[in-house]
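Only this structure's heavy atoms are used, side chains among them; waters, hydrogens and symmetry mates stay out. Residue numbers start from 1 in every chain, and the chains themselves are labelled A, B, ... in the order their sequence lines are given, proteins ahead of strands. Because the structure is a prediction, the values reported are computed rather than measured.
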Number of protein chains: 6
Amino acid sequence: MDIPAGVKKLIALAIEEDLGMGDITSVLTIPEDKKARARVISKEACVIAGLPFAREAFAQIDPEVEFKPLVEDGEKAKKGDVIAHVRGKARSLLAGERLALNILQHLSGIATLTSQYAQKLKGTKAKIVDTRKTLPNLRYMEKYAVRAGGGANHRFALYDAILIKDNHIKAAGGVKKAIRLAKGQMHLMKVEIEVKDIGEFKAALEEGADVIMLDNMGLREMRECVRLNRGRALIEASGNVTMERVREIAATGVDIISAGALTHSAPAADISMKIE
Amino acid sequence: MDIPAGVKKLIALAIEEDLGMGDITSVLTIPEDKKARARVISKEACVIAGLPFAREAFAQIDPEVEFKPLVEDGEKAKKGDVIAHVRGKARSLLAGERLALNILQHLSGIATLTSQYAQKLKGTKAKIVDTRKTLPNLRYMEKYAVRAGGGANHRFALYDAILIKDNHIKAAGGVKKAIRLAKGQMHLMKVEIEVKDIGEFKAALEEGADVIMLDNMGLREMRECVRLNRGRALIEASGNVTMERVREIAATGVDIISAGALTHSAPAADISMKIE
Amino acid sequence: MDIPAGVKKLIALAIEEDLGMGDITSVLTIPEDKKARARVISKEACVIAGLPFAREAFAQIDPEVEFKPLVEDGEKAKKGDVIAHVRGKARSLLAGERLALNILQHLSGIATLTSQYAQKLKGTKAKIVDTRKTLPNLRYMEKYAVRAGGGANHRFALYDAILIKDNHIKAAGGVKKAIRLAKGQMHLMKVEIEVKDIGEFKAALEEGADVIMLDNMGLREMRECVRLNRGRALIEASGNVTMERVREIAATGVDIISAGALTHSAPAADISMKIE
Amino acid sequence: MDIPAGVKKLIALAIEEDLGMGDITSVLTIPEDKKARARVISKEACVIAGLPFAREAFAQIDPEVEFKPLVEDGEKAKKGDVIAHVRGKARSLLAGERLALNILQHLSGIATLTSQYAQKLKGTKAKIVDTRKTLPNLRYMEKYAVRAGGGANHRFALYDAILIKDNHIKAAGGVKKAIRLAKGQMHLMKVEIEVKDIGEFKAALEEGADVIMLDNMGLREMRECVRLNRGRALIEASGNVTMERVREIAATGVDIISAGALTHSAPAADISMKIE
Amino acid sequence: MDIPAGVKKLIALAIEEDLGMGDITSVLTIPEDKKARARVISKEACVIAGLPFAREAFAQIDPEVEFKPLVEDGEKAKKGDVIAHVRGKARSLLAGERLALNILQHLSGIATLTSQYAQKLKGTKAKIVDTRKTLPNLRYMEKYAVRAGGGANHRFALYDAILIKDNHIKAAGGVKKAIRLAKGQMHLMKVEIEVKDIGEFKAALEEGADVIMLDNMGLREMRECVRLNRGRALIEASGNVTMERVREIAATGVDIISAGALTHSAPAADISMKIE
Amino acid sequence: MDIPAGVKKLIALAIEEDLGMGDITSVLTIPEDKKARARVISKEACVIAGLPFAREAFAQIDPEVEFKPLVEDGEKAKKGDVIAHVRGKARSLLAGERLALNILQHLSGIATLTSQYAQKLKGTKAKIVDTRKTLPNLRYMEKYAVRAGGGANHRFALYDAILIKDNHIKAAGGVKKAIRLAKGQMHLMKVEIEVKDIGEFKAALEEGADVIMLDNMGLREMRECVRLNRGRALIEASGNVTMERVREIAATGVDIISAGALTHSAPAADISMKIE
């Protein structure tokens with residue numbers, strides 16, 4: 001996987017955050033040229049994500065560290081599975097260990113949670129997608145982890161897609177006017193709009209919205225929107241999406257279900273590194 | 001609170017991550033000079049943290065946005081409490097909303113979890129502290145949130161404290177040699193060492209370690225270490241620290257209890273922004 | 001207009017490019033606190049673009065320089081029109097003059113050329129749009145100038161839209177397969193594809209491409225594509241678009257006509273600054 | 001050719017401008033390890049410039065791309081000439097294609113225009129030189145292209161040479177005072193001054209200016225200045241320099257002729273890349 | 001030695017400071033592929049420091065330059081000793097020569113001065129240490145040179161240690177209160193305090209300060225503090241530390257003696273590079 | 001004085017070097033809004049330099065700090081003179097104190113040494129100038145201090161002047177060839193050449209070198225060069241320039257005397273800040 005230059009810079013910043021002017025303890029206690037090997041181990045069942053970023057972290061600290069993944073991102077690991085081998089200078093392994101694990105634990109946590117949602121949607125046509133509720137400067141990695149877990153991505157940011165929300169609707173003077181403003185100027189992008197009731201849904205449909213997000217609607221209303229739609233727009237359900245409710249939301253016939261929890265509330269997967 | 005220059009830069013990067021070349025939707029639908037007001041609302045009971053960073057995010061996007069916190073970081077909010085007022089250009093509020101909330105939700109989540117641990121320790125002498133298990137580039141903010149929640153901070157990074165772990169001990173040739181190596185060269189820093197059993201604990205104590213971390217020990221062993229210590233070193237308990245166990249760990253008499261979960265597994269607090 | 005942070009940084013770099021460690025000549029010959037006024041003058045008829053960037057350049061050099069545009073971007077200026085007043089320290093005006101003019105001359109050149117194309121399209125439904133054939137690091141400003149001249153923008157970059165070209169088609173194994181690959185994974189983006197003949201056009205249409213680019217087709221073929229399309233996909237004409245041909249291309253009924261020349265070959269507009 | 005670190009950074013920024021978080025289309029349609037070859041082809045007669053920068057762009061995207069120029073910068077290419085071979089991963093070639101071509105087209109356009117001016121000066125002693133009328137952040141590359149086209153460079157920026165213009169003269173209190181101010185403080189730099197008539201020219205000569213720029217003078221006045229000079233100062237003609245007039249300007253006997261058009265108004269050379 | 005990323009960036013900036021858009025003289029007079037060898041020579045007796053930074057400077061300019069140290073940092077060189085061999089392109093050697101020497105001369109100057117102080121302390125238990133009186137952005141390198149010269153380092157910066165000075169004492173309301181404030185919140189750091197007389201010293205000792213700095217005290221007072229201390233706190237002498245006085249200060253029994261002169265007033269060692 | 005953007009960035013880096021994630025001691029002991037005043041005091045007779053950089057350091061840390069110089073750079077201060085008043089938050093004064101003083105002490109040290117050299121040259125026509133023997137990233141400030149002390153500046157860097165040294169001469173094939181190579185391509189810059197004996201001096205003179213540097217010549221040879229020159233080239237003496245010899249070197253009639261010691265070996269001036 002090619003890591004974008006912007007993400008490589010964030011990894012460089014994270015290295016400086018942890019290493020700064022150097023790892024005092026290792027400098028004081030470990031000879032400079034001592035070599036070591038390590039195994040990265042999954043200490044609980046989880047879906048792995050983040051191996052290329054972990055490798056990049058080690059590579060930036062010391063290009064001579066070898067980091068060999070034994071699984072691929074998106075694969076399931078069982079408790080006790082070795083997911084990567086690492087070898088190189090002992091000081092380099094210790095310098096990169098924490099950052100590599102922080103990345104792997106966080107992204108595998110997201111992938112694992114996403115795969116649980118995706119599992120619930122098996123057999124429906126709905127896809128689980130993420131949101132912009134990501135942690136500062138971690139969006140690329142977190143959205144990557146969502147894909148690794150079997151989910152899909154919503155827009156990346158404010159600049160790469162149009163999503164008309166309630167405040168835009170009010171400012172523009174209504175659902176139809178807002179859609180017209182957007183469509184008139186941007187031929188090459190889909191126009192998505194968030195609606196809060198069936199009236200707004202109909203207006204959006206009539207004005208030719210490409211994607212319509214049903215914001216916090218009840219199951220009955222969602223079903224009605226799907227019925228009215230007759231396959232024209234793509235329908236997204238949003239708000240109050242939980243593991244318990246996700247399958248019945250999907251059963252309404254919506255195309256996409258978005259959940260902020262995938263990225264903002266996934267607990268870390270328990271992964272550690274054992275140096276030999 | 002003065003935000004360090006390094007953290008301001010990370011907020012600038014996060015703005016670029018989300019805004020990039022601009023918020024297309026707002027540009028298409030909202031007049032440039034339209035003004036708006038908003039309230040930041042806690043949608044569940046939680047301990048608030050992150051207001052200065054949220055204010056900084058808005059200030060960087062548009063210095064004319066006014067962000068007025070109604071509570072201070074570390075205070076408890078009830079469900080429905082308004083925690084800040086924001087006013088300025090509608091486009092600026094929408095541009096900063098997501099980043100500000102992503103920060104507030106994450107840090108308040110950490111502060112809330114930390115305060116639950118701290119609550120469990122009421123009446124004991126033990127302090128709950130964080131670790132280096134933080135998300136890349138968020139360490140300063142996350143450690144700030146731990147303090148807001150009533151916890152204390154362990155070392156910031158590899159460069160500002162000595163913490164001798166098992167690999168350092170092996171490389172140095174034993175607990176005593178490792179401590180001697182560290183103490184001989186760094187007069188002005190405390191030396192902390194991680195020990196895995198009572199034998200290592202005794203060696204560390206004899207060699208004059210300032211802080212001794214008991215790694216994954218049982219309660220009985222911890223009590224024994226506290227007894228042997230007679231107040232000389234500071235004792236830290238680490239490993240397998242859960243909400244259920246934290247109070248009984250404290251009851252062994254240790255001074256410090258460290259838990260990675262404070263920062264790596266706190267679910268986001270539910271906070272939203274309502275634009276009028 | 002809000003200038004994105006990324007563009008402000010490019011202006012800062014351009015200031016360093018020209019000023020470096022300082023304007024020796026001014027330091028040697030002009031007293032530090034001498035004040036001056038200047039007029040920015042259009043020395044030929046043109047469409048003005050770039051005033052906010054010129055103002056930003058002066059503001060970065062010296063926040064006390066006042067830069068007052070007398071026209072708005074997108075307006076026509078006649079030969080001799082004063083388009084802005086500038087006042088402040090003489091040294092600051094001289095330090096910013098060249099950069100401000102380089103920007104204004106280039107962007108006004110682009111706006112002027114674009115407006116000539118747009119003029120040719122009056123009365124047709126076609127829009128003239130730009131391409132990614134922009135100068136390194138000037139894309140945001142150049143695409144802004146195209147809009148100021150009455151054109152519209154194609155995708156900004158490789159990351160914000162899907163455009164399947166001949167090499168993608170070959171690698172994917174045909175037009176239909178390529179479209180399917182793209183649509184299967186990205187619900188929220190339009191899929192555009194470049195086709196070189198009517199066979200490919202039909203395949204693209206059948207597979208549901210949102211936008212179809214006719215690459216270097218003859219007028220007759222274009223007309224045929226428009227006829228076959230019956231309003232389903234958006235049709236873009238590309239290749240060999242000149243001032244002479246643009247109107248007859250539009251007459252075929254295509255929706256969009258893209259031309260690299262708008263940004264890569266527009267001669268500078270003649271604009272100068274007269275210090276009093 | 002060694003590319004300065006500052007220019008390498010600008011190329012890195014231009015890659016981020018175009019690639020950002022990745023080339024969606026290629027990721028969706030082209031297998032990660034598919035290899036490809038390409039030829040860079042001149043589609044019109046032109047003087048080539050920019051090959052090392054194009055190679056640098058590919059090298060930054062993917063160090064394994066091989067970019068082999070078949071000509072050298074400054075050489076003439078005929079329509080249809082292959083000027084470079086490129087091979088590597090298909091995704092890498094597509095990721096770098098547009099930036100490499102945007103650079104080559106722009107710089108070859110400048111080199112071609114410059115060589116036409118240089119051609120006109122054959123047999124005279126005059127040299128055609130550029131100005132500071134370059135595009136923001138492209139000065140190094142554009143001045144390189146001027147040299148490739150057979151021109152010479154004027155000063156790079158405000159910091160590396162003294163050029164006293166009308167405003168400096170006014171502020172200093174006259175031609176002679178201005179020259180004295182400059183010469184008194186800077187022993188190691190030549191002093192150039194811009195004069196608008198023969199009176200100023202004489203004053204500049206008497207005061208020992210090293211270079212005198214005749215600003216917008218008529219041919220007769222230029223000849224008179226050359227006569228008065230008797231080889232003492234270097235004489236530069238500036239203003240209203242066109243392909244039609246450049247040879248008769250040279251015939252007046254001036255040493256240097258400067259033209260902003262070389263860099264701000266050269267149309268792009270038509271160069272494309274054909275992937276096999 | 002691993003050079004921290006932050007220091008590598010400072011070396012990159014220093015290269016840009018000197019090289020900017022290129023070494024004009026070498027480009028004009030030396031063929032691009034001409035090779036050369038050089039010897040770095042100590043022209044006076046000194047303690048060498050800075051070789052890894054000098055090598056890094058050459059490596060950043062041109063990765064193909066070979067820089068082979070013949071001594072190690074901290075070793076003494078005699079007048080005329082060759083301390084390193086360098087070979088590679090002549091242009092690269094000339095481009096890096098000045099920066100490499102500027103670093104070596106400055107750091108060897110510091111190491112030499114430090115070793116003279118250290119020599120004076122032979123046979124005492126006192127260590128000579130540096131301060132924060134370092135040159136902007138050179139702290140890491142300068143503190144490295146102090147170690148090379150046989151000294152030790154005081155805190156690196158404001159963020160990695162607590163040092164309570166007179167203004168903190170006043171603001172906190174006295175020596176004891178200040179120490180309590182610091183100790184109450186930071187379990188894991190030593191607390192150092194600066195005292196100006198024996199009264200303050202006693203207060204600091206009673207409150208359990210880990211390190212006590214005697215600021216500008218006379219020899220008699222210092223002796224008295226050492227006597228009162230009975231080995232509890234670490235004692236540092238500071239102020240008016242000269243080569244003449246340092247040994248008698250050590251004789252008072254203090255543990256640490258700090259001197260700003262080590263870094264702010266060491267004259268450059270005379271080191272040059274001879275290209276063959 | 002306007003500080004170049006590049007120098008402001010270096011000051012920002014130096015602030016991060018010292019402050020990093022914050023001044024722990026002040027945070028622990030000083031209330032956030034406590035105000036203070038301070039006086040910057042010269043503790044020995046010296047020539048002051050660096051006040052604008054010191055002010056910039058405080059301004060970057062906290063824009064509300066007032067820094068009022070009572071003298072101007074280049075003025076002499078007596079022991080005990082107050083050279084500036086500072087007021088603002090106590091924490092901000094303490095955060096900036098060390099950096100501001102490190103700058104002032106270093107630059108005033110350079111200005112003081114330079115003024116001593118300049119004093120020796122009173123009544124001769126020679127000027128004392130600096131070299132490129134400056135500390136990494138401090139060149140702009142150090143050269144500024146040389147001017148403040150009454151010296152003049154040699155070239156800033158490798159990119160803004162031509163200086164042909166022995167290795168260039170050898171590579172070019174002799175003094176005359178080297179000068180011809182340089183003059184043929186760069187009309188607008190003076191050509192300086194370093195010569196080691198009278199033979200080379202004559203060759204340089206004949207070929208029209210603008211400036212000739214006499215490298216390590218004896219007084220007699222220098223006088224001979226001055227005699228041969230008859231006012232044509234500017235003559236610079238270099239090598240073995242000491243306070244003792246500088247006046248007799250000047251007496252030979254050379255125009256410029258350059259000394260690396262001005263910047264690489266000036267001891268810090270003793271300047272401190274007293275907070276009230």
Side-chain angles (χ1 to χ4, degrees), chain A residues 6 10-11 13-14 17-26 28-31 34 36 90 94-95 98-99 101-103 105-106 109 132-141 157-169 171-172 178 181-182 185-186 189 260-261 264-265 267-268 275, chain B residues 6 10-11 13-14 17-26 28-31 34 36 90 94-95 98-99 101-103 105-106 109 132-141 157-169 171-172 178 181-182 185-186 189 260-261 264-265 267-268 275:
Chain A
L10 290 168
I11 291 173
L13 283 171
E17 182 189 58
D18 198 26
L19 262 180
M21 289 300 160
D23 176 354
I24 312 173
T25 317
S26 294
L28 293 172
T29 58
I30 298 180
K34 189 179 170 59
L94 287 164
R98 193 66 262 145
L99 174 56
L101 289 177
N102 287 345
I103 292 173
Q105 292 191 121
H106 183 55
R132 282 169 49 241
K133 295 180 180 178
T134 55
L135 290 172
N137 295 316
L138 296 178
R139 188 166 288 168
Y140 182 87
M141 292 198 227
L158 292 169
Y159 57 77
D160 68 336
I162 297 166
L163 174 41
I164 301 169
K165 299 196 169 189
D166 54 351
N167 293 296
H168 303 107
I169 294 172
L181 279 172
Q185 293 173 68
M186 304 294 285
M189 278 189 170
H264 70 47
S265 293
I275 300 184
Chain B
L10 290 169
I11 291 173
L13 283 172
E17 183 189 58
D18 199 26
L19 261 180
M21 290 299 159
D23 176 355
I24 312 174
T25 317
S26 293
L28 292 172
T29 59
I30 298 179
K34 188 179 171 63
L94 288 163
R98 192 70 260 141
L99 174 57
L101 290 177
N102 286 345
I103 292 172
Q105 292 190 120
H106 183 56
R132 280 169 50 241
K133 296 182 180 176
T134 56
L135 291 170
N137 295 315
L138 296 177
R139 189 167 287 168
Y140 182 89
M141 292 198 227
L158 292 169
Y159 57 79
D160 67 336
I162 296 167
L163 174 42
I164 301 169
K165 299 195 169 190
D166 53 350
N167 293 295
H168 303 105
I169 293 172
L181 279 172
Q185 294 173 66
M186 303 295 286
M189 278 190 171
H264 70 48
S265 292
I275 300 184

Heavy atoms only, distances under 4.5 angstrom: which of [options] has the most pairs with chain B? Name it, please.
{"options": "A:Asp23, A:Ile103, A:Leu181", "result": "A:Asp23"}
{"options": "A:Ala36, A:Ala172, A:Gly22", "result": "A:Gly22"}
{"options": "A:Met141, A:Arg139, A:His106", "result": "A:Arg139"}

Bottom line for A:Leu101: the part with an atom under 4.5 Å from chain B's heavy atoms is neither
Please look at A:Glu17 and chain B and tell me whether the side chain, the backbone, both or neither of the residue comes under 4.5 angstrom of a heavy atom of that chain.
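Both parts, backbone and side chain.
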[X], part contacting chain A, at a heavy-atom distance under 4.5 Å:
{"X": "B:Met189", "value": "side chain"}
{"X": "B:Ala161", "value": "backbone"}
{"X": "B:Ile169", "value": "neither"}
{"X": "B:Leu99", "value": "side chain"}
{"X": "B:Lys133", "value": "both"}
{"X": "B:Ala90", "value": "neither"}

Verify, without hydrogens or angle tests, whether A:Asn102 (side chain) and B:Pro136 (backbone) share a donor-acceptor contact under 3.5 angstrom.
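Checked: no pair found.
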Any donor-acceptor pair under 3.5 Å from B:Asp18 side chain to A:Ala157 backbone
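Side chain of B:Asp18 to backbone of A:Ala157, a donor-acceptor pair under 3.5 Å: no, none is there.
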Minimum heavy-atom distance between [X] and [Y], given as atom pair plus value:
{"X": "B:Met186", "Y": "A:Leu28", "answer": "CG-CD1, 3.6 Å"}
{"X": "A:Leu94", "Y": "A:Ser26", "answer": "CD1-OG, 3.8 Å"}
{"X": "A:Ala178", "Y": "B:Thr29", "answer": "O-CG2, 4.0 Å"}
{"X": "A:Ile24", "Y": "B:Asp160", "answer": "CD1-N, 4.2 Å"}
{"X": "B:Ile275", "Y": "A:Asn167", "answer": "CB-OD1, 3.3 Å"}

Find the one option among [options] whose heavy-atom pairs under 4.5 Å with chain A are most numerous.
{"options": "B:Leu19, B:Leu158, B:Ile162, B:Thr134", "result": "B:Leu158"}
{"options": "B:Met21, B:His264, B:Arg132", "result": "B:Arg132"}
{"options": "B:Ile11, B:Leu135, B:Leu13", "result": "B:Leu135"}

Could you measure the distance from the CD1 atom of A:Ile30 to the NE2 atom of B:His168? Nearest 0.5 Å is fine.
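Answer rounded to 0.5 Å: 4.0 Å.
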